[in-house]
Amino acid sequence: PGRDKYDAAKDSGRKPIEMVQFYGIKEGMTVLDMYTGAGYNTEVFSAAVGPKGLVYAQNYHFVLQLINGARHQAMLDRLVDDRLPNVRYMVVDAEDMPFENSIDMAYWGFNMHDTYNSEKPGEGEAGVQTFLKGMYRALKPGGILGISDHVGEAGYDNVQFHRIEPRGIKAMIEKDGFIIEATSDLLANPADDHSQSIYAEGLRYNTDRILVKARKPK
């Protein structure tokens, strides 16, 4: 009840229950949702961990400017009247997060490509590493890292299309010391040939996407 009106439109393309199962999120866990945006996945994780669990929803400061703060406000709206009592929302940059060896699972969904493809100072691959290092520091030894993104392909304009090559995702994850355990084609779409923007008609919420599950060494 009270869920954002746009969430239901995403459900069939996101398969939230199956996604939670792939990453091994269970009742009682503490989950960190990196760059939550408007909070779709935060709400999914809130239900998954239950009243004994906890979800930290993180946005970095740019969200206050993005679309005139619309996503920030949407996230705040989810929490009105203590709707999600196991969620803690924070606007803090990745390098300043107050976590160290305390998170069971950290997730970064459908946003790595924007950071990686950006030419702004502090972004690009260095920006991705900042996010991943923050997640690595936050996770308990043996904690789970989850990454999902829109599949890009060499030879196409992945910057314009808002995509990223899976091999690039994996290389950056491993560079920060994570051990990749599995990938999933749960959200694959063979009809998406990677030659269009993720916002193209008919592709929105139905792109070819990859899920990567990795782990911080014990």
Side-chain angles (χ1 to χ4, degrees), residues 1-64 66-67 69-94 96-112 114 131-132 134-140 142-149 181-182 184 186-187 205 209 211-216:
R3 197 163 172 244
D4 186 276
K5 64 181 180 179
Y6 295 109
D7 285 3
K10 300 176 183 177
D11 285 345
S12 62
R14 288 280 188 95
K15 300 182 181 177
I17 293 174
E18 294 89 340
M19 184 267 281
V20 162
Q21 292 170 337
F22 170 70
Y23 285 123
I25 301 171
K26 301 189 182 299
E27 186 176 3
M29 278 187 168
T30 299
V31 173
L32 172 62
D33 186 18
M34 292 289 289
Y35 192 28
T36 187
Y40 173 90
N41 285 303
T42 286
E43 183 138 352
V44 170
F45 298 150
S46 171
V49 303
K52 295 181 180 179
L54 193 60
V55 179
Y56 290 101
Q58 179 265 356
N59 272 321
Y60 64 136
H61 284 95
F62 179 65
V63 78
L64 301 176
L66 184 65
I67 323 174
R71 290 180 181 166
H72 170 64
Q73 187 59 51
M75 183 62 218
L76 290 175
D77 290 344
R78 288 185 188 274
L79 306 179
V80 170
D81 295 328
D82 204 25
R83 272 192 67 246
L84 304 176
N86 62 352
V87 170
R88 306 289 182 269
Y89 178 46
M90 56 188 181
V91 178
V92 58
D93 293 336
D96 296 325
M97 289 189 303
F99 306 116
E100 189 167 349
N101 299 317
S102 59
I103 302 294
D104 294 306
M105 191 273 180
Y107 176 77
W108 188 13
F110 306 108
N111 178 255
M112 181 186 282
D114 279 329
F131 264 75
L132 291 175
M135 297 166 82
Y136 189 96
R137 185 178 68 252
L139 283 168
K140 296 175 180 177
I144 301 164
L145 172 75
I147 303 289
S148 60
D149 218 324
E181 288 194 341
S184 173
L186 174 68
L187 304 184
Y205 306 135
R209 287 151 291 167
L211 307 182
V212 182
K213 179 181 179 182
R215 198 173 292 273
K216 178 178 177 176

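Asn59 places a side-chain heavy atom less than 4.5 Å from the side chain of Tyr89. With contacts defined as side-chain heavy-atom distances shorter than 4.5 Å, the pair Val87/Asp33 does not qualify. Within the 4.5 Å cutoff, no side-chain heavy atoms of Met105 are placed close to those of Val49. At a threshold of 4.5 Å between non-hydrogen side-chain atoms, the residues Trp108 and Gln58 do not count as touching. Inter-residue side-chain proximity for Tyr35 and Met112 is flagged as unmet; no heavy-atom pair is nearer than 4.5 Å. Looking at Val44 and Tyr107, their side chains never come closer than 4.5 Å, going by heavy atoms from C-beta outward. Side-chain contact between Lys216 and Asn101: present, with at least one pair of heavy atoms (C-beta onward) separated by less than 4.5 Å. You'll find the side chain of Asp77 stays beyond 4.5 Å of the side chain of Asp4, heavy atoms only.
Across all non-hydrogen atoms, the minimal contact from Leu187 to Gly13 is CD2-O, 3.4 Å. A pairwise comparison of heavy atoms in Ala48 and Val20 identifies CB-CG1, 3.9 Å as the closest pair. Contact between Met90 and Pro98 at its shortest, heavy atoms only, is SD-CD, 4.4 Å.
Figure legend: Lys213 and Tyr23 shown without cation-pi pairing, the cationic atom not lying both under 6.0 angstrom from the six-membered ring centre and within 45 degrees of its axis.
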Give the C-alpha distance, both sets of side-chain angles, the deciding distance and a yes or no for side-chain contact (heavy atoms from CB on, under 4.5 Å) between Phe131 and Met97. CA-CA 10 Å; Phe131 264 75; Met97 289 189 303; over 6 Å; no

Full working for side chain to side chain donor-acceptor pair (under 3.5 Å) between Ser12 and Tyr205: CA-CA 8 Å; Ser12 62; Tyr205 306 135; over 6 Å; no

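Listed for the Asp11 side chain is no donor-acceptor partner under 3.5 Å among the backbone atoms of Pro16.
Within a 6.0 Å sphere centred on CZ of Arg215, heavy atoms belonging to other residues, nucleotides or ligands number more than 12. Heavy-atom contacts from other residues, nucleotides or ligands closer than 6.0 Å to CG of Leu66 number more than 12.
Residues Tyr6 and Tyr40 keep their aromatic ring centres 6.0 Å or farther apart.
Each of Lys10, Arg78, Arg14 was evaluated against Glu43; a single residue qualifies, Arg78, per the salt bridge (Lys or Arg N to Asp or Glu O under 4.0 Å) test.
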